[in-house]
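Notes follow once the structure below has been shown.
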2 protein chains.
Amino acid sequence: MLPVLAVHGGAGHVPKERAEISCAGVRDAARAGYAILRAGGSAMDAVVEAVTVLENNPAYNAGRGSVLTRHGHVEMDAIVMDGRTLASGAVSAVKGIANPVQLARLVMEKTSHLCLTAEGASEFARAMGIQEVPEESLITDYARMRWRKNLQPDANPVECQMGKMGTVGAVAVDSEGNIACATSTGGMLNKMEGRVGDTPCIGCGGYADNKVGAVSPTGHGEAIMKVTLARLILFYMEQGKSAQEAADMGLAYMKERVEGLGGVVVVDPQGVWAARFNSLQMAWAAAQNDQLHYGLYAGEDFSQPIEQPEQNSQ
Amino acid sequence: MLPVLAVHGGAGHVPKERAEISCAGVRDAARAGYAILRAGGSAMDAVVEAVTVLENNPAYNAGRGSVLTRHGHVEMDAIVMDGRTLASGAVSAVKGIANPVQLARLVMEKTSHLCLTAEGASEFARAMGIQEVPEESLITDYARMRWRKNLQPDANPVECQMGKMGTVGAVAVDSEGNIACATSTGGMLNKMEGRVGDTPCIGCGGYADNKVGAVSPTGHGEAIMKVTLARLILFYMEQGKSAQEAADMGLAYMKERVEGLGGVVVVDPQGVWAARFNSLQMAWAAAQNDQLHYGLYAGEDFSQPIEQPEQNSQ
């Protein structure tokens, strides 16, 4: 059944005019990641490639297209985790980086640490020869419009966030049975400067263990943190639940205990995958056996041969 | 059996000349936290008070006495968690704050976020009226000596760190059965600027849930993160293990899976407590039924009436 890769483009409500773009983007990312697996590449290479494609796509709240902080800046979080060794790398509140997921991978591979934050992460990026990009290049007109709207006295950024979470993530199992995950986000709309959400927090915004599986969550970051959602779902799987059952149990627990909504993509070591959410929508896609599966609303599972060219892709 | 409070002053190896100071400090902190519980105060008030006492004590790697970064600065991490609601607050890589644990509590109580990092955390502190302190006031001669030593080409900061972890933490159950935890640290010796360890990462550096218990870990931060140690131990307790069994299982798993050593203080909802470690030493103290328990080496559990005045306290 191996290899397999599943991606999400964020849980929440996708406005109608953006639904098709959002679905096309996750299919693109799944194709890109799966191509690596198909060629014998590693799960880590595949999830980083898939998330890089989504960071580069301005339709998502990660990399270019990130939401803005209260003061109008882009501060991004990302994580990767390697299920072979439990090695992980993350960056939080990093500025001026086109692909935070790639910087997170460098933290894992080139330092003895698991997470670098803010200016320290930028300093490391410079030492690694990663060119900083102008903040303007990461900001879309749509992000700026929503930021302005949420500066109004009667604005409700948390409510508005439900309109477009847009965190992106991927999980994969490669042909050798190695498992990895990656997640990347611009965070919460109009967040305070320095706010760190679930994404760079291991066990919350992602977890991967070759013995159990991998999870990449999206949704209300603070709720995901309170229940350590990724690790929680894997604990259910350790207790014998399927990827889908465990995902549903974890999301139900988060809703009941802390009133949080969200979604996840999950894989297990056999290559069984699940894309589950209790928000209104979650753009997701999964690639396996040369078939591409995808959906946006609950219950949807469309499929097509993976080679089929994308009509609505950007 | 309620109330109860248990504290630690870091796992690792305490040099002989610092052993008595280290033990006296955790007894002081346990007394201070327990006095709050004894007077009907909340578990949250008690753990914050205990950790504040330890941050103010230069014998520990938290607040004053923190280790230095590679460039010679103090960057601190802290977390608190309230087991009633799973509310939590944390700060990471924060500078010039005398009591990061109190700032973490303000993040929990005064923002919609769970974690603020670096300059964003400082901005929030200023908005809260918390006066920044000069960095020099946080740096001890001992910290500077160890920093210099670890700048040598043949230095091994990770090895040296085992000589004095010194992260501090507390867990408590109050007379109403509410559970809380708090952890604070200066992090890893000669760490990279911006390095974030386990402490501010929910589920790693602390977790509290009224239904299960609370854990505050100390030890090799990156290893604690890879196994999400606090949450892992609470999962074992959910599966019916005692606080002590669960702590030992969690620590054994961390050693076996990622070769990490450390220690924890744990409480369960009935007020059963445990202080366990697989490092050479961990300074710990616990207060319950007007008795003070404490120890430094494995197997030690000294006790005395809680009123007994401290002879070696600073």
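This one's a predicted model, so the numbers in the text were calculated from it and none came from an experiment. Just so we're on the same page: letters track the sequence lines, and every chain starts at 1.
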- [ ] Answer with side chain, backbone, both or neither: which region of A/C204 has an atom nearer than 4.5 Å to a non-hydrogen atom of chain B?
- [x] side chain
Open item on the list: Using a 4.5 angstrom heavy-atom cutoff, name the option from A/G194, A/G120, A/C201 with the most pairs to chain B.
Closed with: A/G194
Open item on the list: How close do A/H71 and B/E123 get, counting heavy atoms only, and between which atoms?
Closed with: CE1-OE2, 3.0 Å
TODO: Tell me, out of B/T111, B/V258, B/D209, who's got the most heavy-atom pairs with chain A below 4.5 Å.
DONE: B/D209
- [ ] Output the option from B/D198, B/V196, B/V227, B/L232 having the highest count of non-hydrogen pairs under 4.5 Å with chain A.
- [x] B/V196
Task: Which portion of B/Q239 sits near chain A, non-hydrogen atoms under 4.5 angstrom - done: side chain
Task: For chain A, which residues of residues 77-86 of chain B have heavy atoms nearer than 4.5 angstrom - done: B/M81, B/G83, B/R84, B/T85, B/L86
Task: Heavy-atom proximity to chain B below 4.5 Å, by part of A/E75 - done: neither
Open item on the list: Under a 4.5 Å cutoff for heavy-atom pairs, which residue among A/M192, A/R231, A/E193 has the most contacts with chain B?
Closed with: A/M192
Task: Residues of residues 98-105 of chain A contacting chain B, heavy-atom criterion under 4.5 Å, by residue number - done: none
Task: Backbone N/O of A/E222 and side chain of B/H113: donor-acceptor pair under 3.5 Å - done: no
Open item on the list: Please enumerate all residues that pass ring pair (Phe, Tyr, Trp, His ring centres under 6.0 Å) together with A/Y236, with sequence neighbours excluded.
Closed with: none
Task: Contact origin within A/V91 toward chain B - heavy atom pairs under 4.5 Å - done: neither
Open item on the list: We want to know whether A/T117 and B/S92 form a side-chain donor-acceptor pair, criterion being a heavy-atom distance below 3.5 angstrom.
Closed with: no
Task: Proximity breakdown for B/V107 and chain A, heavy-atom pairs closer than 4.5 Å - done: neither
Open item on the list: How long is the straight-line distance from CZ of A/F235 back to CG of B/L234, given to the nearest 0.5 Å?
Closed with: 9.5 Å
- [ ] Check the pair B/R195, A/L114 against side-chain contact (heavy atoms from CB on, under 4.5 Å), reporting the backbone distance first and the verdict last.
- [x] CA-CA 8 Å; B/R195 177 264 192 182; A/L114 258 67; over 6 Å; no
Task: Which residues share a side-chain hydrogen bond (donor to acceptor under 3.5 Å, both in side chains) with A/R126, sequence neighbours left out - done: A/E119, A/E132
Open item on the list: Whether the side chain of A/Y207 engages the backbone of B/K226 through a donor-acceptor N/O pair (distance < 3.5 Å, no angle test) should be reported.
Closed with: yes
Open item on the list: Working to the nearest 0.5 angstrom, can you tell me the gap between A/I202 CD1 and B/I202 CD1?
Closed with: 14.5 Å
